Engineer: 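Okay, handing you the structure first.
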Amino acid sequence: MAIPLPANGNGNGNGNATAAAPVPFDPSAPPPFRIAEIRAAIPPHCWVKNPWRSLVYVLRDLAVVSALVAAAVFFDSWLFWPIYWLAQGTMFWAIFVLGHDCGHGSFSNSSALNSFMGLLLHSFILVPYHGWRISHRTHHQNHGNVEKDESWVPLTKKTYKQLERRTRILRFTLPFPILAYPFYLMWRSPGKEGSHFNPYSDLFAPSERKDIVISTSCWTLMAVLLVYLSFVFGPFQIFKLYGVPYWIFVMWLDVVTYLHHHGYEQKLPWYRGEEWTYLRGGLTTVDRDYGLFNNIHHDIGTHVIHHLFPQIPHYHLVEATKAAKGVLGKYYREPKKSGPIPIHLVNNLVNSLKQDHYVSDQGNIVFYQTDPYLYHY
């Protein structure tokens, strides 16, 4: 039976109001809303895919890439080359994001156009499009699931302890984690087997093998083209024009994708078994503000809504996120406002690599734990 409060409303009978201690927010608690409620809050036009608008973004990015190459060749100065490398590597990352839209089907409603543009864009930056597309689909379908996720999935304590000391240190010491993407494509992560280039990898169903052959062939053609151009223009010139920007792109990709799922001020949960749901997993992702790069790399930092609804085109993500905030409440973590250059994210990255090493082998709701002896063996 409910006990009525005294007239003063504080329950202590002495007339002095006593503020109740605030209950800390638990990010692992089941949310009090359904995914359908988030969907209903997003304006209908945010779901519309405009292929012409998507193609304009492609033309814009390719025009910038071409202009940067022309400028680098024209100036051919060691004062200009570092500027070129940073700018071109960033543009390679922007091109990846457009291919990423193709992989999600948010580039257009045409699967043929999505596949063609995805193969073109990702092969240009040495990403096996279909291999990546399928494993990335697995990531989205299982985000936040310790056992089934695919991208930056946490190591269990048992797997972590089985790694050689050198491997542990390299995995959590800069710059090695932000150079990992090509190796992940070839060999995946510790504890997982398979390759994004192999049609018989357990990443793929038998019905997907033809797609893997196509994307691996396109990747190979791009690699052969780069070798040919190295003979024509010299390997050092191609290394300056393509090789260094490629590694800048890899660093962008690894940093951004890592910070989507790590490094928030409050540790976020990972799930197993019956505790995992698509909604709860998606709510463990983190939005980031990249300052002047937000527009350049197509608002990929607006990531929570993208994870929940990957079919929304990148150019509607900001609006869709604003509309959904009222439903998400505390489950949406407002990104820290960035200056023109997002240097504030360096601390998030460094601190996370120092602290987020493995999760428990047991438990259906787990958080990253720290190996206090990692750097002191």
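Every value quoted in this text rests on a predicted model; they were computed, and no experiment measured them.
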Engineer: Under the ring-ring contact (aromatic ring centres under 6.0 Å, His included) test against His143, which residue among His307, His260, His136 passes?
Structural biologist: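 The residue from His307, His260, His136 that satisfies ring-ring contact (aromatic ring centres under 6.0 Å, His included) with His143 turns out to be His307.
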
Engineer: Quick check: are there more than 12 heavy atoms from other residues, nucleotides or ligands sitting under 6.0 Å from CZ of Phe25?
Structural biologist: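 Yes, CZ of Phe25 has more than 12 neighbouring heavy atoms, counting only those of other groups under 6.0 Å.
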
Engineer: Honestly, is Arg209 close enough over Phe204, meaning NZ or CZ under 6.0 Å from the six-membered ring centre and within 45° of the axis?
Structural biologist: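 Here Arg209 fails the 6.0 Å and 45° test against Phe204.
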
Engineer: Can you see which heavy atom on Val327 is nearest to which on Ala41, and at what distance?
Structural biologist: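 Where Val327 meets Ala41 most closely, the heavy atoms are CG2-CB, 3.9 Å.
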
Engineer: Does the gap between the ring centers of Phe33 and Tyr331 come in under 6.0 Å?
Structural biologist: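 Yes.
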
Engineer: Sub-3.5 Å donor-acceptor pair from the side chain of Ser352 to the main-chain atoms of Asn348, do we have one?
Structural biologist: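 Checking the backbone N and O of Asn348 against the side chain of Ser352, no donor-acceptor pair under 3.5 Å is found.
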
Engineer: Tell me yes or no: between the side chains of Arg133 and His130, is some donor less than 3.5 Å from an acceptor?
Structural biologist: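 The criterion, which ignores hydrogens and geometry beyond distance, is satisfied for His130 and Arg133.
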
Engineer: Short question: side chain of Asp289, backbone of Lys337 - any donor-acceptor pair under 3.5 Å?
Structural biologist: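 Answer holds: no.
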
Engineer: Quick one: do Thr302 and Asp287 satisfy side-chain hydrogen bond (donor to acceptor under 3.5 Å, both in side chains)? Show the steps, please.
Structural biologist: CA-CA 5 Å; Thr302 311; Asp287 278 14; 5.1 Å; no

Engineer: What I'd like to find out is whether the side chain of Ile125 reaches to under 4.5 Å of the side chain of Leu121, using heavy atoms alone.
Structural biologist: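 Ile125 does not reach Leu121 side chain to side chain.
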
Engineer: Using side-chain heavy atoms (C-beta onward) and a distance below 4.5 Å, is Leu253 in contact with Val127?
Structural biologist: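 Result no, sub-4.5 Å side-chain heavy-atom pair not found.
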
Engineer: Main chain of Asp361, side chain of Thr156: is a donor-acceptor contact present, judged purely on distance under 3.5 Å?
Structural biologist: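 No, Thr156 side chain to Asp361 backbone: no donor-acceptor pair under 3.5 Å.
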
Engineer: I'd like to know whether Arg39 forms a side-chain contact (heavy atoms from CB on, under 4.5 Å) with Ile35, so could you lay out the CA-CA distance, the side-chain angles of the two residues, the decisive distance to 0.1 Å, and finally the verdict.
Structural biologist: CA-CA 6 Å; Arg39 183 188 297 272; Ile35 196 167; 5.5 Å; no

Engineer: Return yes if some donor-acceptor pair links the side-chain N/O of His357 with the main-chain N/O of Leu353 below 3.5 Å, else return no.
Structural biologist: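 Yes, because the side chain of His357 sits within donor-acceptor range (under 3.5 Å) of the backbone of Leu353.
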
Engineer: Does a side-chain N-to-carboxylate-O contact under 4.0 Å join Asp202 and Lys192?
Structural biologist: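 No, this pair does not count.
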
Engineer: Going hydrophobic residue to hydrophobic residue with side-chain gaps under 4.5 angstrom, can you get from Ile312 over to Val286?
Structural biologist: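 No, no single cluster joins them.
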
Engineer: Quick check: closest heavy atoms across Tyr315 and Asn50, and the distance to 0.1 Å?
Structural biologist: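 The answer is OH-N, 2.8 Å.
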
Engineer: Is there a path of hydrophobic side-chain contacts, each under 4.5 Å between heavy atoms of I, L, V, M, F, W or Y residues, that connects Val318 with Ile300?
Structural biologist: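 Different clusters.
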
Engineer: Sub-3.5 Å donor-acceptor pair from the side chain of Ser201 to the main-chain atoms of Gly194, do we have one?
Structural biologist: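 No: the side chain of Ser201 does not pair with the backbone of Gly194.
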
Engineer: Are there more than 12 heavy atoms of other residues, nucleotides or ligands under 6.0 Å from atom CH2 of Trp78?
Structural biologist: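 For Trp78, atom CH2 is crowded (more than 12 foreign heavy atoms under 6.0 Å).
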
Engineer: Can you get from Leu221 to Val213 by hopping between Ile, Leu, Val, Met, Phe, Trp and Tyr side chains that sit under 4.5 Å apart?
Structural biologist: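 Unlinked, Leu221 and Val213 end up in two clusters.
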
Engineer: Do other residues, nucleotides or ligands put more than 12 heavy atoms under 6.0 Å from the CZ atom of Phe80?
Structural biologist: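 Yes.
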
Engineer: I'd like to know whether NZ of Lys148 has more than 12 heavy-atom contacts from other residues, nucleotides or ligands below 6.0 angstrom.
Structural biologist: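 It does not: Lys148 NZ has 12 such atoms or fewer within range.
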
Engineer: Would you say the ring centroid of Phe92 lies under 6.0 angstrom from that of Tyr242?
Structural biologist: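 So the answer is yes for these two rings.
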
Engineer: Between His261 and Ser151, does any side-chain donor sit less than 3.5 Å from a side-chain acceptor?
Structural biologist: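 The answer is no; no qualifying pair exists.
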
Engineer: Roughly how far apart are His139 NE2 and Trp132 CH2, rounded to 0.5 Å?
Structural biologist: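 The CH2 atom of Trp132 is 10.0 Å from NE2 of His139, to the nearest 0.5 Å.
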
Engineer: What do the steps show when you test Tyr160 against Leu374 for side-chain contact (heavy atoms from CB on, under 4.5 Å), and what is the final call?
Structural biologist: CA-CA 11 Å; Tyr160 176 83; Leu374 177 61; 3.1 Å; yes

Engineer: With a sphere of 6.0 Å drawn around CD of Glu274, does it hold more than 12 non-hydrogen atoms of other residues, nucleotides or ligands?
Structural biologist: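 For Glu274, atom CD is not crowded (no more than 12 foreign heavy atoms under 6.0 Å).
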
Engineer: Could you check whether any side-chain N or O of Arg280 sits under 3.5 Å from a backbone N or O of Glu275, counting only pairs where one atom can act as donor and the other as acceptor?
Structural biologist: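 It does hold such a pair.
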
Engineer: Check each of Trp276, Phe367, Tyr368 against Trp270 using the side chain to side chain contact (heavy atoms under 4.5 Å, CB included) test, and report the only one that passes.
Structural biologist: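 Passing option: Tyr368.
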
Engineer: Are His298 and Asp61 packed together at the side-chain level, in the sense that at least one heavy-atom pair is separated by less than 4.5 angstrom?
Structural biologist: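 A side-chain contact exists here, since the closest heavy-atom pair is under 4.5 Å.
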
Engineer: Would one find more than 12 heavy atoms of other residues, nucleotides or ligands at under 6.0 Å from atom CZ of Arg60?
Structural biologist: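 Result for CZ/Arg60: enclosed.
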
Engineer: Rounded at 0.5 Å granularity, tell me how far OG1 in Thr285 sits from NE2 in His262.
Structural biologist: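 Reported to 0.5 Å precision, the distance equals 12.5 Å.
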
Engineer: May I have the step-by-step check of side-chain contact (heavy atoms from CB on, under 4.5 Å) for Val244 and Trp81, ending in yes or no?
Structural biologist: CA-CA 10 Å; Val244 178; Trp81 280 113; over 6 Å; no

Engineer: When rounded to the nearest 0.5 angstrom, what is the spacing between NZ in Lys267 and OG in Ser28?
Structural biologist: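 One gets 14.0 Å once the value is rounded to the nearest 0.5 Å.
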
Engineer: Donor-acceptor check, side chain of Tyr278 to backbone of Leu308, threshold 3.5 angstrom: yes or no?
Structural biologist: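 Looks like yes, one N/O pair under 3.5 Å.
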
Engineer: At their closest point, which heavy atom of Pro269 faces which heavy atom of Pro27, and how far apart are they?
Structural biologist: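 Between these two residues, the closest heavy atoms are CG-O, 3.9 Å.
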
Engineer: Check whether any side-chain N or O of Lys49 sits under 3.5 Å from a backbone N or O of Gly105 as a donor-acceptor pair, and report yes or no.
Structural biologist: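 Checking the backbone N and O of Gly105 against the side chain of Lys49, a donor-acceptor pair under 3.5 Å is found.
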
Engineer: How long is the span from the OG atom in Ser195 to the CG atom in Leu203, to the nearest 0.5 Å?
Structural biologist: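 The CG atom of Leu203 is 8.0 Å from OG of Ser195, to the nearest 0.5 Å.
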
Engineer: Apply side-chain hydrogen bond (donor to acceptor under 3.5 Å, both in side chains) to the pair Tyr271 and Thr284, showing each step before the final yes or no.
Structural biologist: CA-CA 10 Å; Tyr271 301 100; Thr284 65; over 6 Å; no

Engineer: Do the side chains of Arg333 and Glu265 get close enough for a salt bridge, i.e. N-O under 4.0 angstrom?
Structural biologist: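 Not counted as a salt bridge, because no side-chain N and carboxylate O are separated by less than 4.0 Å.
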
Engineer: Determine the minimum heavy-atom distance between Ile42 and Ala324, stating which atoms define it.
Structural biologist: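 Shortest heavy-atom separation between Ile42 and Ala324 comes out as CG1-CB, 4.5 Å.
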
Engineer: Does Thr370 use its side chain to pair, donor to acceptor, with the backbone of Gln355 at less than 3.5 Å?
Structural biologist: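 Yes: the side chain of Thr370 pairs with the backbone of Gln355.
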
Engineer: Would a single hydrophobic cluster contain both Tyr246 and Phe239, if residues Ile, Leu, Val, Met, Phe, Trp and Tyr are joined by side-chain heavy-atom contacts under 4.5 Å?
Structural biologist: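 Looking at the clustering, Tyr246 is in the same group as Phe239.
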
Engineer: Please report whether the ring centroid of Phe96 lies less than 6.0 Å from that of His297.
Structural biologist: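 Aromatic pair excluded; centres sit 6.0 Å or further apart.
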
Engineer: Could you check whether His140 and His306 have their ring centres less than 6.0 Å apart?
Structural biologist: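 Yes.
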
Engineer: For Thr90 and Trp252, does a side-chain donor sit closer than 3.5 Å to a side-chain acceptor?
Structural biologist: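 A donor-acceptor contact under 3.5 Å links the two side chains.
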
Engineer: Inspect the contact between Glu150 and Arg188 and indicate whether a charged nitrogen and a carboxylate oxygen are less than 4.0 angstrom apart.
Structural biologist: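 Salt bridge present between Arg188 and Glu150.
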
Engineer: How long is the straight-line distance from CG of Asn114 back to OG of Ser106, given to the nearest 0.5 Å?
Structural biologist: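 If I round to the nearest 0.5 Å, the distance is 7.5 Å.
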
Engineer: Once you round to the nearest 0.5 Å, how far does NE2 of His316 lie from CG of Asp299?
Structural biologist: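 Answer for the NE2-CG pair, His316 versus Asp299, is 12.0 Å.
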
Engineer: With side-chain contact (heavy atoms from CB on, under 4.5 Å) as the test, would you mind laying out the steps for Tyr290 and Ile296 before giving the verdict?
Structural biologist: CA-CA 10 Å; Tyr290 291 94; Ile296 295 173; over 6 Å; no

Engineer: Consider only side-chain heavy atoms of I, L, V, M, F, W and Y, link residues closer than 4.5 Å, and tell whether Met117 and Trp52 are in one cluster.
Structural biologist: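 Yes, because Met117 and Trp52 connect within a single hydrophobic cluster, where side-chain heavy atoms sit under 4.5 Å apart.
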
Engineer: Over all heavy atoms of both residues, which pair between Leu345 and Leu259 is shortest? Give the atoms and the distance, please.
Structural biologist: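 Of all heavy-atom pairs spanning Leu345 and Leu259, the closest is CB-CD1, 3.9 Å.
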
Engineer: Would the distance check show the side chain of Asp254 and the main-chain N or O of Met251 forming a donor-acceptor pair, the cut-off being under 3.5 Å?
Structural biologist: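 Answer holds: no.
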
Engineer: Do His100 and His314 make the cut of ring centroids closer than 6.0 angstrom?
Structural biologist: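 Centroid separation for His100 and His314: 6.0 Å or greater.
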
Engineer: What closest approach, in Å, do Tyr184 and Ser189 show between heavy atoms, and which atom pair accounts for it?
Structural biologist: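 Smallest heavy-atom distance, with atoms named: CD1-OG, 3.8 Å.
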
